[in-house]
Amino acid sequence: MKVLLVEDDTALAEALGEALGEAGLLWEHAATGNAADYLVRVESYDAVILDLGLPDGDGTRWLAAWREDGIDLPVLVLTARERWSDKAAGFSAGADDYVTKPFETAEVLFRLRALVRRSHGHSHPILRLGELALDTHTGSVTLAGRPITLTAQESRLLAYLLHAAPRIVSRIELSEHVYDRDHEPDSNVIDVQVSRLRRKLGNQRIVTLRGQGYRLVAPEDEQ
């Protein structure tokens, strides 16, 4: 999962970004509304964490513009404003959720994961497909109740495929959402990592559709 963090407070952005990274999430930073607006329109993100008090204007200005232009990715608003009228303005502009500063980092992570889950049509924090299960809060993966050990990159890859299931996910989509922008892989790297996942989860769980991408499925005996 890749997140855009829009925050002009450098220390706060670094601290929150570190927490996102430790939670296994990819993140990119924008310190102004204009920078965020550019990135949202040219890059692919699974969610945005948006501060409202930006140096070049109120964050709701860009949020409203994104919604007007049909950009519907989940947006979690961060702000020091506590008045209900300010919160109402954020929701009216298109915010999906709201956290008031100061905040607990764990709360931001819980809310962020919930927003991404719901954007894919999942309400329960544990995603299941047959006997495969992913706890989106802890990142733990089990297969038939048995813990599966994955690398950080394998975890991100599986999480994205599981959120998207049963939809086909192209290599381009995976490279945009699962890999850092500065280290986007070629298709061979993705193939290798998918092969590693198959060895750990079983060959039948990840189907390759030539020219289209990958789809995560439950084997017939688990359906």
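Only this structure's heavy atoms are used, side chains among them; waters, hydrogens and symmetry mates stay out. When a residue number appears, it is its place in the shown sequence, counting from 1.
Ring planes of Y98 and F91: tilted class, angle from 30 to 60°.
A donor-acceptor pair shorter than 3.5 Å can be found between the side chains of Y45 and E28. Between the side chains of T136 and R117, a donor-acceptor pair is found at a separation under 3.5 Å. Between the side chains of Y179 and Q193, at least one donor-acceptor pair of N or O atoms lies under 3.5 Å. No side-chain N or O of D72 forms a donor-acceptor pair with one of W66 less than 3.5 Å apart. When only modelled atom types and interatomic distance are considered, T208 and R198 share a side-chain donor-acceptor pair under 3.5 Å.
Taking CD of E173 as the start and OG of S44 as the end, the distance is 8.0 Å to the nearest 0.5 Å. The CG atom of L150 sits 10.0 Å away from the OG atom of S140 when rounded to the nearest 0.5 Å. For the atom pair CD1 of I206 and NZ of K200, the computed distance is 11.5 Å after rounding to the nearest 0.5 Å. Within the model, atoms CG of D135 and CZ of R113 stand 8.5 Å from one another, a figure rounded to the nearest 0.5 Å. Note that CG of L174 and CD1 of I190 are 5.5 Å apart. Values are rounded to the nearest 0.5 Å.
Here R146 does not pair with E131 in a salt bridge; the nearest charged N to carboxylate O distance is not below 4.0 Å. Between D96 and R67 there is a salt bridge, since at least one side-chain N of the basic residue sits less than 4.0 Å from a carboxylate O of the acidic one. Note on E43 versus K2: no salt bridge recorded, every NZ/NE/NH1/NH2 to OD/OE distance being 4.0 Å or above.
When all heavy atoms of D8 and P55 are compared, the closest pair comes out as CB-CD, 3.5 Å. Across all their heavy atoms, G139 and L134 have their closest contact at O-CD1, 3.8 Å. Heavy atoms only, all atoms of each residue included: L143 and L201 are closest at CD2-O, 3.6 Å. The two residues V178 and R156 come nearest to each other via the heavy atoms O-NE, 3.6 Å. Closest of all the heavy-atom pairs between L39 and A30 is CD1-CB, 4.2 Å. Residues P74 and S119 approach most closely at CG-CB, 3.6 Å, considering heavy atoms.
By the criterion of side-chain heavy atoms lying less than 4.5 angstrom apart, applied directly or through intervening Ile, Leu, Val, Met, Phe, Trp or Tyr residues, L50 is grouped together with V42 in one hydrophobic cluster. Both L25 and L115 belong to a single network of hydrophobic side chains, linked directly or stepwise wherever heavy atoms of I, L, V, M, F, W or Y lie under 4.5 Å apart. No chain of hydrophobic side-chain contacts below 4.5 Å, direct or via other Ile, Leu, Val, Met, Phe, Trp or Tyr residues, connects V6 to I49. Residues L162 and I148 share a single hydrophobic cluster, defined by chaining ILVMFWY side chains whose heavy atoms lie under 4.5 Å apart. Hydrophobic cluster membership is shared by Y38 and L54, with clusters built from Ile, Leu, Val, Met, Phe, Trp and Tyr side chains linked at under 4.5 angstrom.
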**OP:** Step by step, work out the side chain to side chain contact (heavy atoms under 4.5 Å, CB included) result for D69 and R41.
**Re:** CA-CA 10 Å; D69 293 340; R41 295 178 187 279; 2.9 Å; yes

**OP:** Could you walk me through whether L78 and F103 pass side chain to side chain contact (heavy atoms under 4.5 Å, CB included), step by step?
**Re:** CA-CA 9 Å; L78 298 182; F103 52 80; 4.1 Å; yes

**OP:** Please assess R61 against D58 for the test salt bridge (charged side-chain N to carboxylate O under 4.0 Å, His left out), listing each intermediate value before the final yes or no.
**Re:** CA-CA 6 Å; R61 165 188 162 193; D58 194 300; over 6 Å; no

**OP:** Begin from the C-alpha positions of R111 and E107 and carry the test side chain to side chain contact (heavy atoms under 4.5 Å, CB included) through to its verdict.
**Re:** CA-CA 6 Å; R111 290 180 180 273; E107 180 184 2; 2.8 Å; yes

Original post:
Where do H163 and L127 land on the side chain to side chain contact (heavy atoms under 4.5 Å, CB included) test, with the steps shown first?
Top reply: CA-CA 8 Å; H163 274 91; L127 305 184; 3.6 Å; yes

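Under the 4.5 Å side-chain criterion, counting only non-hydrogen atoms from C-beta, R205 is in contact with L132. Side-chain contact between E176 and R171: absent, with no pair of heavy atoms (C-beta onward) separated by less than 4.5 Å. Side-chain contact between L112 and L20 is present, with heavy atoms from C-beta onward closer than 4.5 Å. In this structure, L197 and L157 have side chains that are in contact, with non-hydrogen atoms separated by less than 4.5 Å. Inter-residue side-chain proximity for V207 and Y214 is flagged as unmet; no heavy-atom pair is nearer than 4.5 Å. Inter-residue side-chain proximity for E154 and R196 is flagged as met; some heavy-atom pair is nearer than 4.5 Å. Under the 4.5 Å side-chain criterion, counting only non-hydrogen atoms from C-beta, V40 is in contact with I71. Under the 4.5 Å side-chain criterion, counting only non-hydrogen atoms from C-beta, V77 is not in contact with D97.
Between the H124 side chain and the I126 main chain, a donor and an acceptor come within less than 3.5 Å of each other. The main-chain N or O of L4 is never found under 3.5 Å from a side-chain atom of W27 such that the two would form a donor-acceptor pair. Checked by atom type and distance alone, the side chain of H29 pairs as donor or acceptor with a backbone atom of E7 at under 3.5 Å. In terms of modelled atom types and a separation under 3.5 Å, the side chain of E68 and the main chain of A65 share no donor-acceptor contact. With hydrogens and angles ignored, the 3.5 Å screen pairs no side-chain donor or acceptor of D46 with any backbone N or O of V116.
Heavy-atom contacts from other residues, nucleotides or ligands closer than 6.0 Å to CZ of R128 number 12 or fewer.
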